[in-house]
Amino acid sequence: MTSDNGAAIETEGLEFSYVDGTKALANVSLRIPAGKKVAFLGPNGAGKTTLFLHFNGLVKPDRGKVYVAGREVRYDRASLLEVRKKVGIVFQDPDTQLFSSSVRQEISFGPLNLGLSREVTEQRVRQAMEDTGILDLQDKPTHFLSYGQKKRVAIADILAMQPQALVCDEPTAWLDVKHSRQIMEILDRCNARGVTVIISTHDVDMAYAWSDYIFVMKDGQVISEGVPLEIFADQQVLQEAELAEPLLFELSRELAGKGCLKEGGPAKSIEELIGRIKG
Ligand SMILES: Nc1ncnc2c1ncn2[C@@H]1O[C@H](COP(=O)(O)OP(=O)(O)OP(=O)(O)O)[C@@H](O)[C@H]1O
Ligand SMILES: [Mg+2]
């Protein structure tokens with residue numbers, strides 16, 4: 001069965017409980033538009049990671065359906081291989097993802113597993129290492145890398161599969177400001193090439209400035225969705241999902257309220273805000 005092709009990923013009535021009985025997803029129906037930068041927000045335990053695991057069939061729902069590029073996900077081996085070519089997931093903790101000895105071997109594993117030739121694999125691996133700025137690390141054993149370096153290798157790992165959708169679970173967690181920015185730049189470059197980028201994050205400032213579209217989760221459900229301006233203007237949703245207001249959003253509102261800001265509306269960057277302060 002196929003569905004709307006303008007969507008990278010769709011879900012329909014997803015329900016999922018873990019073996020210990022924890023209900024992690026309750027009736028999740030959503031549509032992620034292709035080619036966009038999409039963020040999932042929500043408190044710890046909201047179900048973000050569990051939902052992501054459904055996006056490429058790593059977890060099978062108890063009820064409901066997942067569609068990737070308009071095609072319903074099936075759970076036989078051949079179908080799952082197809083889905084995993086289209087949707088790549090970068091786990092929050094790179095140590096759960098990396099297992100080969102050297103960086104180059106690690107990144108080669110995915111394309112070789114897809115049945116690609118040595119030559120094509122080598123091209124893809126080089127491109128992925130270039131895109132993530134880790135060419136100088138290629139011969140290093142992955143277990144000697146710093147956390148931030150492992151994170152980039154984990155992304156390169158998935159980029160080498162050339163997915164249509166790149167799903168990153170908390171890509172900037174535990175990273176310093178400089179390395180967080182580097183990771184988001186990598187994701188932006190992928191998106192500029194047409195890849196749908198989907199992240200989860202607890203960083204509302206980043207989500208506000210970066211996303212084209214936001215989903216807010218709580219207790220295994222999507223409680224709100226929309227463009228960042230809509231989401232962060234909705235005090236009820238912020239309260240329900242225990243989300244803080246982004247600093248730029250709050251500052252813009254306060255300054256506009258005091259008549260100190262040229263033109264209305266919240267600023268999207270600090271440069272924009274400074275440029276709009278009167279005087
Ligand atoms: N392997 C597991 N076994 C049992 N329960 C689990 C398991 N993994 C997650 N859960 C439970 O499922 C629910 C959703 O967890 P999930 O990890 O998807 O949330 P999350 O939104 O990603 O949270 P966080 O922001 O902390 O990463 C939580 O109640 C969690 O305790
Ligand atoms: Mg999580």
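Residue Lys60 places its NZ atom among 12 or fewer non-hydrogen atoms of other residues, nucleotides or ligands, all under 6.0 Å distant. Counting non-hydrogen atoms of other residues, nucleotides and ligands closer than 6.0 Å to CZ of Arg77 gives a total of 12 or fewer. Surrounding CZ of Arg126 are at most 12 heavy atoms belonging to other residues, nucleotides or ligands under 6.0 Å away. For Arg189, the CZ atom sits in a packed shell: over 12 heavy atoms of surrounding residues, nucleotides or ligands are nearer than 6.0 Å. Atom NZ of Lys262 is surrounded by more than 12 heavy atoms from other residues, nucleotides or ligands within 6.0 Å.
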Point to revise | Full working for salt bridge (Lys or Arg N to Asp or Glu O under 4.0 Å) between Lys23 and Glu15 | key: CA-CA 8 Å; Lys23 190 162 180 95; Glu15 307 267 342; 2.6 Å; yes

Check your understanding: Leu255 and Leu273: side-chain contact (heavy atoms from CB on, under 4.5 Å), yes or no, with the steps?
Key -> CA-CA 10 Å; Leu255 287 170; Leu273 184 68; 4.2 Å; yes

**Study point:** Leu98 vs Lys150, side-chain contact (heavy atoms from CB on, under 4.5 Å): CA-CA, chis, key distance, verdict
**Key:** CA-CA 8 Å; Leu98 307 181; Lys150 281 183 188 168; 3.9 Å; yes

Exercise for review: Walk me through it: do Thr201 and Phe40 pass the test side-chain contact (heavy atoms from CB on, under 4.5 Å)?
Suggested key: CA-CA 6 Å; Thr201 184; Phe40 280 77; over 6 Å; no

Review point. Which is it for Phe91 and Leu58 under the side-chain contact (heavy atoms from CB on, under 4.5 Å) test, yes or no, and what are the steps along the way?
Key: CA-CA 12 Å; Phe91 292 105; Leu58 281 168; 3.8 Å; yes

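The shortest distance between side-chain heavy atoms of Leu145 and Val103 falls below 4.5 Å. In this structure the side chain of Leu25 never reaches within 4.5 angstrom of the side chain of Pro61, judged on heavy atoms. A heavy-atom distance below 4.5 Å is found between the side chains of Pro171 and Leu187. In this structure, the side chains of Ile89 and Gln97 stay at 4.5 Å or more apart for every pair of heavy atoms. The shortest side-chain heavy-atom distance between Leu51 and Met217 falls under the 4.5 Å cut-off. Side-chain contact between Tyr208 and Leu248 is present, with at least one heavy-atom pair separated by less than 4.5 Å. Using a 4.5 Å heavy-atom cutoff, the side chains of Lys85 and Pro163 are not in contact. The closest side-chain heavy-atom distance from Phe215 to Val38 is below 4.5 Å.
Salt bridge annotation for Glu245-Arg253: present, with a cationic side-chain nitrogen under 4.0 angstrom from a carboxylate oxygen.
For the atom pair NZ (Lys65) and CD (Glu10), the distance works out to 12.0 Å, reported to the nearest 0.5 Å. In this structure, CG on Leu175 lies 4.5 Å from OG on Ser180, to the nearest 0.5 angstrom. Atom CG of Leu251 sits about 8.0 Å away from atom CD1 of Ile277, to the nearest 0.5 Å. Here Cys260 contributes atom SG and Glu254 contributes atom CD; the two are 10.0 Å apart, rounded to the nearest 0.5 Å. Taken from CD1 in Ile214 to OG in Ser224, the straight-line distance is 9.5 Å, to the nearest 0.5 Å. Summarising the geometry, atom CG belonging to Leu159 is positioned 4.5 Å from atom SG belonging to Cys190; distances are rounded to the nearest 0.5 Å.
Note on Leu53: it clusters hydrophobically with Ile32, by side-chain heavy-atom contacts below 4.5 Å among ILVMFWY residues. A single hydrophobic cluster is seen to contain both Val222 and Tyr213, as judged by linkage of ILVMFWY side chains at heavy-atom distances under 4.5 Å, directly or through other members. Tracing side-chain contacts under 4.5 Å through hydrophobic residues (I, L, V, M, F, W, Y), one reaches Tyr18 starting from Leu14; they form part of the same cluster. Residues Leu166 and Val125 do not share a hydrophobic cluster, defined by chaining ILVMFWY side chains whose heavy atoms lie under 4.5 Å apart. Following chains of ILVMFWY side-chain contacts shorter than 4.5 Å, one cannot reach Phe52 starting from Ile155, and the two form parts of different hydrophobic clusters.
Counting only distance, with no hydrogens or angles, the side chain of Ser102 and the backbone of Asp139 share no donor-acceptor pair below 3.5 Å. In this structure, the side chain of Thr11 engages the main chain of Val28 through a donor-acceptor pair within 3.5 Å. Distance alone, capped at 3.5 Å, is enough to place a donor-acceptor pair between the Gln138 side chain and the Leu135 backbone. The backbone N or O of Lys218 sits nowhere less than 3.5 Å from a side-chain atom of Gln221 that would complete a donor-acceptor pair. At least one donor-acceptor pair closer than 3.5 Å links the side chain of Glu272 to the backbone N or O of Lys268. Under the 3.5 Å distance criterion, the side-chain polar atoms of Asp131 are left unmatched by any main-chain donor or acceptor of Ile186. Side chain of Arg84 to backbone of Gly57: a donor-acceptor contact under 3.5 angstrom is found. Judged purely by atom type and a 3.5 angstrom limit, Asp203 has no side-chain atom pairing as donor or acceptor with the backbone of Thr172. In this structure a side-chain-to-backbone donor-acceptor pair under 3.5 Å is missing from Lys151 to Ala173. The main-chain N or O of Pro246 is never found under 3.5 Å from a side-chain atom of Asp205 such that the two would form a donor-acceptor pair.
Among all heavy-atom pairs drawn from Thr132 and Ala156, the shortest one is OG1-CB, 3.5 Å. The nearest pair of heavy atoms linking Lys48 to Leu41 is CD-C, 3.9 Å. Residues Val195 and Asn191 share a closest heavy-atom pair of O-ND2, 3.0 Å. Nearest heavy atoms, Ser29 versus Gly13: OG-N, 2.8 Å. Nearest heavy-atom pair, Leu80 versus Tyr75, reported as atom, atom and distance to 0.1 Å: CD1-O, 3.7 Å. What you find for Tyr147 and Pro94 is that their closest heavy atoms are CE1-CD, 3.6 Å.
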Can I get a per-line list of side-chain donor-acceptor pairs under 3.5 Å for residues 106-116, giving both atom names and the distance, sequence neighbours left out?
| unit_1 | atom_1 | unit_2 | atom_2 | d |
| --- | --- | --- | --- | --- |
| Glu106 | OE1 | Phe99 | N | 2.8 |
| Glu106 | OE1 | Ser100 | N | 2.8 |
| Ser108 | OG | Arg104 | O | 2.7 |

Mind listing the side-chain donor-acceptor pairs of residues 227-242 below 3.5 Å, one per line with the distance, residues two or more places apart or on another chain?
| unit_1 | atom_1 | unit_2 | atom_2 | d |
| --- | --- | --- | --- | --- |
| Glu230 | OE1 | Val227 | N | 3.2 |
| Asp234 | OD1 | Gln236 | N | 3.2 |
| Asp234 | OD1 | Val237 | N | 3.3 |

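Tested against Lys37, the residues Asp188, Asp212, Thr196 include a single side chain to side chain donor-acceptor pair (under 3.5 Å) partner, Asp188.
Thr96 and Asp93 share no donor-acceptor pair across their side chains, judged by distance under 3.5 Å alone. Using modelled atom types and a 3.5 Å distance limit, the side chains of Asp169 and Thr49 yield a donor-acceptor pair.
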